[in-house]
Amino acid sequence: MILRDVGRRYGLRGPWVLRGLDLDLPAHTLVRIEGANGVGKSTLLRLLAGIDAPTEGRVTGRPRTAYVPERFPAALPFTATGYLVHMGRVHGLATAEAAARAEEWLARFGAAGHARTPLAELSKGTSQKVAVAQALLAEPDLLVLDEAWTGLDTVARDELDRAVAERVADGATVVFVDHDRSRLAGRADAAYRLEGRTLTVAAAVPPGDPGPAVRIEATGQASAALPSGLPGAPGVERDTRNPAAIRLTTTVAHSDPLLHALITARPPWHITGLSRLPASAAAAPGPDRRARPATPTRAAGSPVRGTSALMRCQAALLGRSQRWLAPLLLYAAVLGVGVQAGQPLLDSLGYAAAALLPVAAWLLRLCVTQEPPAARAVTAAAVGPSRAHCASLITGLGCALVLGAAGTGTVLLISEPVSTDHTVTVPLLSAALAGLLAAGCSALLGAAVGALCARPVLHRHGWSLGATVLGSLLALVTDGSPAKAAVTGLVSGSLTGTVRLPLLPVAAALAVAVAVAALTSRIATLRE
């Protein structure tokens, strides 16, 4: 990934947080970002993860990305495993594979006992383990860690150190910020200091005590060569009596990644012995990892699959939060008051369609705002802020369409298929189709209103709520509004018993909804 002349500021006239920033991030690289509090380290990491877009400059070559925020939210109605499986599917994994990896990473971080525990009941440290696990199970090509070690116990911190080494050994780029300067000391391929709104090369942090050394004995095919770029650049000794046998010496910190590299090599190496040695026997530092060729990584999931998985996650989040209950009760109450058994069918269908518009706007606002900011940043890094926002919009619209179909069906069951004066019989199938189209028209226009009255357009709750009420009212009463045209067509048709399909209003509402979705998705990339 390459950044050229990148700058970032918040607002059209806000002060620049970053300016004139150039950075190259090749594969097989561990990069440390340093800087004082408030200089923009988190802003830089959000740019690297693709959560925010630069105000100026270009970012090219961004690979599959996973992001770990500094503070992971507990306000998600999932269990630890449930959330990890959802995120695995968002990254393109099959459900079974996502579940297996979730179990593996929770076990590695010592959180297997909390797999079925709701996130809201987890401690801060265990929540952070879930946050780290969601990023690592995806095997990303770019791993961005913002104070990811904060809150972890000593064992989990060591495990994260090993996981970082494994990702770099597998060809990934890892960029991290940590308040402890000794974190991964001596292992980073590059270190930069953020000051004066740009990056400068930082002095290398000397490595600490490497600890005891580890000797690994392995055998392979006689003609097989060792994989290139082994973690820790181990010392290699060959058995002159057995060309297929080797002995590798490395430090404890690199032993797990080294074993992983040997076992997963093609052809694989068979481990025949493992023993600890004094620290002095550790191998000397090896060559620069940046010169190593990249190893194959798992292919990314398709965009359609990732978006579909994200919509399922959004729907599950809405369903389990029970925030859908209020708009559902409102719609049911309005229908209960305005639609009575035996009333003319087309009048009742028009009333039900009109009542759906503000409810659809409400559902859209719920879906767009239901994720806490840190969780939203994680999904935006996985699929991009534009796709994440679109998934929220589609989920909210889908809920509104389902509700509209249910309301239309209820009206068809209890209303009389006659004109307003009860003299003309109304064709039931045509009326049902017209009612569904009118409900769809109101749902689309309500979705557009809800999207314009929520983030990223409006962030303040008071302004957002007031704008939603006003926008819904205007969409129903303004001349030229597709929703008003569809509802008026049903009501006026009821006077003569004539069914008019609101095809043109539906097409206009669809065009408005698509335009608003494109606009708000674009804004989401700029000011998420």
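Here, residue 1 is the first one in the sequence, and each next residue gets the next number.
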Answer yes or no: is there a side-chain heavy-atom contact under 4.5 Å between [X] and [Y]?
X	Y	value
Arg8	Asp52	yes
Asp146	Arg46	no
Leu47	Leu18	yes
Leu137	Leu84	yes
Leu364	Leu393	yes
Thr395	Cys367	yes

How would you list all residue pairs meeting ring pair (Phe, Tyr, Trp, His ring centres under 6.0 Å) that involve residues 121-167, not counting sequence neighbours?
->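 Passing the test, one end in residues 121-167: Trp149-Phe176.
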Atom CZ of Arg157 with >12 non-hydrogen neighbours under 6.0 angstrom |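 Enclosed: over 12 neighbouring heavy atoms sit under 6.0 Å from CZ of Arg157.
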Within a reach of under 6.0 Å around CZ of Arg71, are more than 12 heavy atoms found that belong to other residues, nucleotides or ligands?
-> no
Taking ring-ring contact (aromatic ring centres under 6.0 Å, His included) as the test, write out the residues that go with Tyr67, two or more places apart.
-> none
For Trp324, ring-ring contact (aromatic ring centres under 6.0 Å, His included) partners two or more places apart |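 Trp324 satisfies ring-ring contact (aromatic ring centres under 6.0 Å, His included) with no residue once adjacent residues are dropped.
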Does any donor atom in the side chain of [X] or [Y] lie under 3.5 Å from an acceptor atom in the other side chain?
X	Y	value
Ser123	Thr126	yes
Thr43	Tyr10	yes
Arg365	Ser464	yes

Quick one: salt bridge (charged side-chain N to carboxylate O under 4.0 Å, His left out) partners of Glu195, sequence neighbours excluded?
->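 Applying salt bridge (charged side-chain N to carboxylate O under 4.0 Å, His left out) to Glu195 gives Arg193.
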Who pairs with Glu104 by salt bridge (charged side-chain N to carboxylate O under 4.0 Å, His left out), at least two apart in sequence or on another chain?
->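 Result, salt bridge (charged side-chain N to carboxylate O under 4.0 Å, His left out) vs Glu104: none returned.
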Are the side chain of [X] and the backbone of [Y] linked by a donor-acceptor contact shorter than 3.5 Å?
X	Y	answer
Ser182	Ala185	no
Thr198	Leu194	no
Thr249	Arg215	no
Arg62	Leu48	yes
Gln128	Leu152	no
Glu147	His179	yes
Gln134	Ala131	yes
Thr29	Thr173	no
Glu34	Ala191	no
Thr65	Pro63	yes

What are the two closest non-hydrogen atoms of Ala218 and Ile271, and how far apart are they?
->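 Answer, listing the atom of Ala218 first, then Ile271: CB-CD1, 4.1 Å.
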List in chain and number order the residues that pass side chain to side chain donor-acceptor pair (under 3.5 Å) with [X], two or more places apart in sequence or in another chain; answer none if no residue qualifies.
X	result
Glu103	none
Thr369	none
Asp24	Arg4
Thr520	His389

So, are Arg101 and Glu139 salt-bridged, with charged N and O less than 4.0 Å apart?
->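 Result for this pair is yes, salt bridge flagged.
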Which pairs with one or both residues in residues 261-275 pass salt bridge (charged side-chain N to carboxylate O under 4.0 Å, His left out), sequence neighbours excluded?
-> none
Residue pairs passing the salt bridge (charged side-chain N to carboxylate O under 4.0 Å, His left out) test where at least one lies in residues 106-130, sequence neighbours excluded =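 The answer is Arg108-Glu159, Arg108-Glu166, Lys129-Asp153.
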Partner set under side-chain contact (heavy atoms from CB on, under 4.5 Å) for Ala316, not counting sequence neighbours = Phe78, His86
